Amino acid sequence: PHKLAIITGASSGVGLHATKALIDRGWHVIMACRDLAKAEAAAQELGLPKQAYEIAHIDLGSLDSVRAFHAAFRGDNPDAPRALDALVCNAATYMPLLKEPLRSPEGYELSVATNYFGHFLLANLMLEDLQAAPTPRLVTLGTVTANSEEFGGKIPIPAPADLGDFDGLKTGFKAPVAMIDGKDFKAGKAYKDSKLCTMMMSRELHARYHQETGIIFNTLYPGCVADTPLFRNAPPLFQKIFPWFQKNITKGYVSQPLSGERVAQVVDDPDFAQSGVHWSWGNRQKQGRDAFAQGLSDKATDAKRSEQLWELSAKLVSL
Ligand code: NDP
């Protein structure tokens, strides 16, 4: 019997390579993707063995689609949890050049809807399925640029992550509201905000459910995987220079296979069996360095704020 993982956004980059790394460790992976043909082509190009993966449809930007994905996972017996050893919340969209927000079917700003609300709903729906496995883990991709504890999180292009007093969520997060803090739309900041929310979500999951369920909830920063398609909507010159800059100047560059291997470690290795931790291998890559628990910003660790964010999100996704 193989262990079973669901990885969202497994059609490219970190998620695709995490799929490969887990399959190499003997896991079976459900690649949860919005573009089935693209996912199949990517799986074949990487030579993934056919019996080791399935591709299932999910559009994380649509709450109905997330619910439909979960229903399809349960199959004929919708009320019976189906054992799931790991859920990896990986998919994300980054659209730094947008001047005006795009909207999800529910009317929410699309990067927060996709990167955060979709995963918030999915994680909640899957808790019982995770509980049905012997040693389940829920792993969420975080990022340095959403952690103002670190230098990378202080960069004001266009602004550091900042959720303010959640005024945008409190007022329903629909047009004309486009940002969680209720202020003017800044596309690059919307991405950072969404990632900060997913990191707070993981901490709140840990606070609410770890003791009761035994599920291990953690986040990781895999390093700067500067050449994934995540940056496809960034200016062309940036896309050209960024990998070089990360390789040679900041030394933050991590290859896609290594990023996938790191996700697999956090999903599968006994060394990562601690809940409530944000794992990092540092920002300057050094060969052979072990992962360590990276501290998060006060913004991310304030338990009251995480709880408040949870309550507001639960309302907006109709939990
Ligand atoms: P990619 O753009 O390569 O992969 C993102 C994946 O998410 C793709 O499979 C994409 O699908 C999918 N996706 C996007 N929108 C949706 C949606 N609405 N529904 C379902 N799937 C969707 O980016 P990366 O691999 O670089 O990023 C993966 C994760 O790693 C993200 O959470 C990112 O924040 C995080 N990360 C990345 C870093 C980096 O340097 N690259 C650094 C730190 C964290 P499709 O192929 O159809 O577009």
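As the structure lists them, so they are numbered: ligands from 1, and atoms in each ligand from 1. None of the values given here were measured: they were computed from a predicted structure.
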Can you tell me which portion of Y253 lies within the under-4.0 Å heavy-atom range of ligand 1? Options are side chain, backbone, both, or neither.
neither
Any donor-acceptor pair under 3.5 Å linking the side-chain atoms of Y253 with those of N248?
no
I want to know if ligand 1 touches A32 in the polar sense, i.e. an N/O pair below 3.5 angstrom.
no
Nearest protein heavy atom with distance in Å, relative to atom 9 (O) of ligand 1
S11 OG, 2.8 Å
For R74, is there an ion pair with D129 - N to carboxylate O distance below 4.0 angstrom?
yes
More than 12 heavy atoms of other residues, nucleotides or ligands under 6.0 Å from CD of E45: is that the case?
no
Which ligand 1 atoms, with their elements, are less than 4.0 angstrom from a heavy-atom of D59?
17 (C), 18 (N), 19 (N)
For atom 37 (C) of ligand 1, grab the closest protein heavy atom and report residue, atom and distance to one decimal in Å.
L230 CD2, 4.0 Å
CZ of F238: more than 12 outside heavy atoms within 6.0 angstrom?
yes
Tell me which protein heavy atom sits closest to atom 21 (N) of ligand 1, plus the residue, atom name and distance to 0.1 Å.
A91 CB, 3.7 Å
Is the ring pair H2/H28 parallel, tilted or perpendicular, if the boundaries are 30 and 60 degrees?
tilted
So, is G9 polar-close to ligand 1, with some N/O to N/O distance under 3.5 Å?
yes
Tell me, do V88 and L141 make a side-chain contact under 4.5 Å, heavy atoms counted?
yes
Give me the nearest non-hydrogen protein atom to atom 25 (O) of ligand 1 as residue plus atom name, then the distance to 0.1 Å.
V14 N, 2.8 Å
With a sphere of 6.0 Å drawn around NZ of K315, does it hold more than 12 non-hydrogen atoms of other residues, nucleotides or ligands?
no
Heavy atoms only: which of A92, A113, G142 is nearest to atom 36 (N) of ligand 1?
G142
Option whose closest heavy atom lies nearest to atom 31 (C) of ligand 1, chosen from N90, V88, L141
N90
Pairwise side-chain contact, L312 with F173, heavy-atom cut-off 4.5 Å (strictly under):
no
Neighbour count >12 (heavy atoms, 6.0 Å) for atom NZ, K189
yes
Between ligand 1 and C224, is the shortest N or O to N or O distance under 3.5 Å?
no
Could you tell me, atom by atom, which parts of ligand 1 come under 4.0 Å of a heavy atom of G13?
3 (O), 25 (O)
Taking the side chain as every heavy atom from C-beta outward, state whether T135 and K3 have any atom pair closer than 4.5 Å.
yes
For atom 42 (C) of ligand 1, grab the closest protein heavy atom and report residue, atom and distance to one decimal in Å.
G223 O, 3.5 Å
Can you tell me if CD1 on I157 sees more than 12 non-hydrogen neighbours from other groups inside 6.0 Å?
no
Check: V225 N/O within less than 3.5 Å of ligand 1 N/O:
yes
Around atom CD of E128, are there more than 12 heavy atoms from other residues, nucleotides or ligands closer than 6.0 Å?
no
Of the side chain and backbone of F231, name the one, both, or neither that has a heavy atom under 4.0 Å from an atom of ligand 1.
side chain
So which of A37, S12, A10, A226 gets nearest to atom 1 (P) of ligand 1, if we judge by its closest heavy atom?
S12
Worked verdict on H119 versus T8 for side-chain hydrogen bond (donor to acceptor under 3.5 Å, both in side chains)
CA-CA 9 Å; H119 284 126; T8 66; 2.8 Å; yes
How far is atom 20 (C) of ligand 1 from its nearest protein heavy atom, and which residue and atom is that?
I58 O, 3.5 Å
Nearest heavy atom to atom 24 (P) of ligand 1, choosing from V254, T228, L36, belongs to T228
May I ask you to decide if the ring planes of Y94 and F231 are parallel, tilted or perpendicular, using 30° and 60° as cut-offs?
perpendicular
At what distance is the nearest protein heavy atom to atom 47 (O) of ligand 1, and which residue and atom is it?
R34 NE, 3.0 Å
Please tell me whether Y116 and S313 have a donor and an acceptor in their side chains that are separated by less than 3.5 angstrom.
yes
For G61, the atoms of ligand 1 under 4.0 Å from one of its heavy atoms are 18 (N)
Looking at side-chain heavy atoms only, is the closest gap between P96 and N233 below 4.5 Å?
yes
At less than 4.0 angstrom from any non-hydrogen atom of Y221, what atoms of ligand 1 do you find?
42 (C), 43 (C)
Ligand-residue contact atoms, ligand 1 with P229, heavy atoms, under 4.0 Å:
2 (O), 3 (O)
Pick one of side chain, backbone, both or neither for how K195 approaches ligand 1, counting any non-hydrogen atom pair under 4.0 Å.
side chain
Would you mind checking which non-hydrogen protein atom is closest to atom 34 (O) of ligand 1, with the distance to 0.1 Å?
Y191 OH, 2.6 Å
Work out whether the distance between some heavy atom of T114 and some atom of ligand 1 is less than 4.0 Å.
yes
With atoms numbered from 1 as shown, which atoms in ligand 1 lie under 4.0 angstrom from a non-hydrogen atom of R232?
2 (O), 48 (O)
Mind checking whether Q256 has a heavy atom under 4.0 Å from ligand 1?
no
Would you say K38 has any N or O atom under 3.5 Å from an N or O of ligand 1, going by distance alone?
yes
Of all the heavy-atom pairs spanning V254 and G223, show the shortest one and how long it is.
CG2-CA, 3.8 Å
Within the structure, is a non-hydrogen atom of S259 found at a distance of less than 4.0 Å from ligand 1?
no
